[in-house]
Amino acid sequence: VYQIYPRSFADSNGDGIGDLPGITSRIPYLRSLGVDAVWLSPFYPSALANGGYDVDDHRNVDLRLGTLSDFDTMITALHAADIKVIVDIVPNHTSNRHPWFREALTAGRGAPQRDRYLFRDGLGPRGEQPPNDWESMFGGSAWAPAGDGQWYFHCFAAEQPDLNWENEEVREDFRHTVRFWADRGVDGFRIDVAHGLRKDLSEPYLPWGEIADIMRPDGSHPLWDRDDVHEIYADWRRILNSYDPPRFAVGEASVHPARRARYASAESLGQA
């Protein structure tokens, strides 16, 4: 498998940014390497707060990189060269420019639009302090203010608000996303933050000092490596199996060594 970061791989139009037609133009080079598949890092619309993993639209192409038509042309040419295509899918969060997040901020406290994300009341008389002392993986607080006494949770950059995977609308939207790309011929998916979609943000919150180490052997961490994440992938597995041939998925994950053997035999991921 050859990983391609589209923005720096090959520039077809001389604007200084790699693009999808550039990938298509380099297929003879990829064939000469003898690769069986390419894995495309995110090519979605993004402000690039985190290398394209802050996604504005999970079912589109950044105009600086091309169009959906360019994507279709690329995947057809790669398949003709007997090279499979894996795309990065980013289900843990959206960007803060995503229409859903903009709606959530505008809708205000208690609105159903906020339930797509992880909003919580702040501490202090006016909610001026974050709900707890948890830290972002990028440093600093894992909470950013919404401006009305509530805060939203972000495991990574503040520009990447985490989605609420307890919300059925979120689940259905990503079913649609998986089908969207599989219908366009994508052979497989690399799932970003695969181990972190299900979270327990119920009170009382554990102090950050007790959970900063993401390697916990019993699945009790409120953010990482929880057993109930398997429900999501079992659901996706049913979708991927509906294609002929079945599509596949691989997940980025950090799990405790004591749990790896168990995961390797788990039906939901073992068949993925």
Side-chain angles (χ1 to χ4, degrees), residues 1-102 159-160 173-194 236 239-240 242-252:
V1 178
Y2 186 103
Q3 182 182 3
I4 293 176
Y5 186 70
R7 298 172 192 274
S8 63
F9 181 69
D11 175 13
S12 70
N13 57 10
D15 66 356
I17 301 173
D19 47 42
L20 301 189
I23 296 172
T24 304
S25 73
R26 295 296 189 270
I27 290 177
Y29 166 71
L30 295 169
R31 279 184 57 88
S32 74
L33 298 176
V35 302
D36 301 300
V38 293
W39 157 25
L40 304 182
S41 294
F43 49 84
Y44 312 108
S46 171
L48 300 181
N50 182 21
Y53 285 91
D54 48 316
V55 178
D56 298 346
D57 182 349
H58 291 83
R59 297 189 289 271
N60 210 339
V61 174
D62 191 318
L63 288 176
R64 292 168 290 187
L65 277 64
T67 64
L68 283 171
S69 178
D70 291 329
F71 182 90
D72 294 340
T73 298
M74 176 196 68
I75 201 168
T76 297
L78 284 165
H79 284 165
D82 203 24
I83 297 174
K84 295 186 184 300
V85 179
I86 304 166
V87 300
D88 236 315
I89 192 170
V90 189
N92 181 69
H93 47 262
T94 71
S95 78
N96 61 345
R97 308 195 312 174
H98 192 286
W100 273 8
F101 190 70
R102 291 178 172 176
E159 294 88 350
Q160 296 170 282
D173 192 70
F174 271 91
R175 293 182 191 112
H176 183 23
T177 295
V178 168
R179 292 188 187 101
F180 180 88
W181 294 111
D183 287 346
R184 300 192 96 89
V186 164
D187 300 286
F189 299 88
R190 181 265 184 184
I191 308 165
D192 187 56
V193 198
W236 288 12
I239 295 172
L240 299 175
S242 71
Y243 290 86
D244 185 17
R247 307 307 194 243
F248 63 89
V250 293
E252 176 203 33

Exercise. Can you measure from CG (N92) to CG (D192) and round to the nearest 0.5 angstrom?
Key: 7.5 Å

Self-check item: Main-chain N/O of G18 paired with Y5 side-chain donor or acceptor, under 3.5 Å
Solution: no

Quiz prompt | Validation row: V61, T67 side chains within 4.5 angstrom (heavy atoms) | solution = no

Self-check item: Distance (rounded to the nearest 0.5 Å) between I86 CD1 and I4 CD1
Solution: 11.0 Å

Quiz item: Any salt bridge (charged side-chain N to carboxylate O under 4.0 Å, His left out) pairs touching residues 48-74, not counting sequence neighbours?
Solution: R7-D62, D56-R97, R59-D173, D62-R64, D72-R184

Quiz item: Atom CG of D19 and atom CD1 of I23: how far apart are they, to the nearest 0.5 Å?
Solution: 8.0 Å

Practice problem: Over all heavy atoms of both residues, which pair between G22 and S12 is shortest? Give the atoms and the distance, please. | Solution: N-CB, 3.7 Å

Quiz prompt | Interatomic spacing from CG in L68 to CG in L20 - rounded to 0.5 Å | solution = 9.0 Å

Check residues 35-44 and write down every donor-acceptor pair under 3.5 Å in which the side-chain atom is one partner and the other belongs to a residue at least two apart or another chain.
unit_1	atom_1	unit_2	atom_2	d
W39	NE1	D88	OD2	3.1
S41	OG	Q3	NE2	2.9
Y44	OH	D88	O	2.4

Practice problem: Rounded to the nearest 0.5 Å, what's the gap from CD on Q160 to OH on Y53? Could you check? | Solution: 10.5 Å

Quiz item: Looking at OG1 of T24 and CG of L30, how far apart are the two atoms once the value is rounded to the nearest 0.5 Å?
Solution: 10.0 Å

Quiz item: So, for H58 and F174, is the gap between ring centers shorter than 6.0 Å?
Solution: yes

Quiz item: CG of D82: more than 12 outside heavy atoms within 6.0 angstrom?
Solution: no

Quiz item: Closest heavy-atom contact between R31 and A81?
Solution: NH1-O, 2.9 Å

Quiz item: Side chains of W236 and I191: closer than 4.5 Å at any heavy-atom pair?
Solution: yes

Exercise. For residues G16 and D11, report the shortest heavy-atom separation together with the two atoms involved.
Key: N-OD2, 2.8 Å

Quiz item: Tell me, do I75 and W181 make a side-chain contact under 4.5 Å, heavy atoms counted?
Solution: no

Quiz prompt | Which residues share a side chain to side chain contact (heavy atoms under 4.5 Å, CB included) with N96, sequence neighbours left out | solution = F101, E159, P161

Quiz item: If only atom types and distance count, is the side chain of R247 paired as donor or acceptor with the main-chain N or O of F189 below 3.5 Å?
Solution: no

Quiz item: How far apart are the closest heavy atoms of V55 and G52, and which atoms are they?
Solution: CG2-O, 3.6 Å

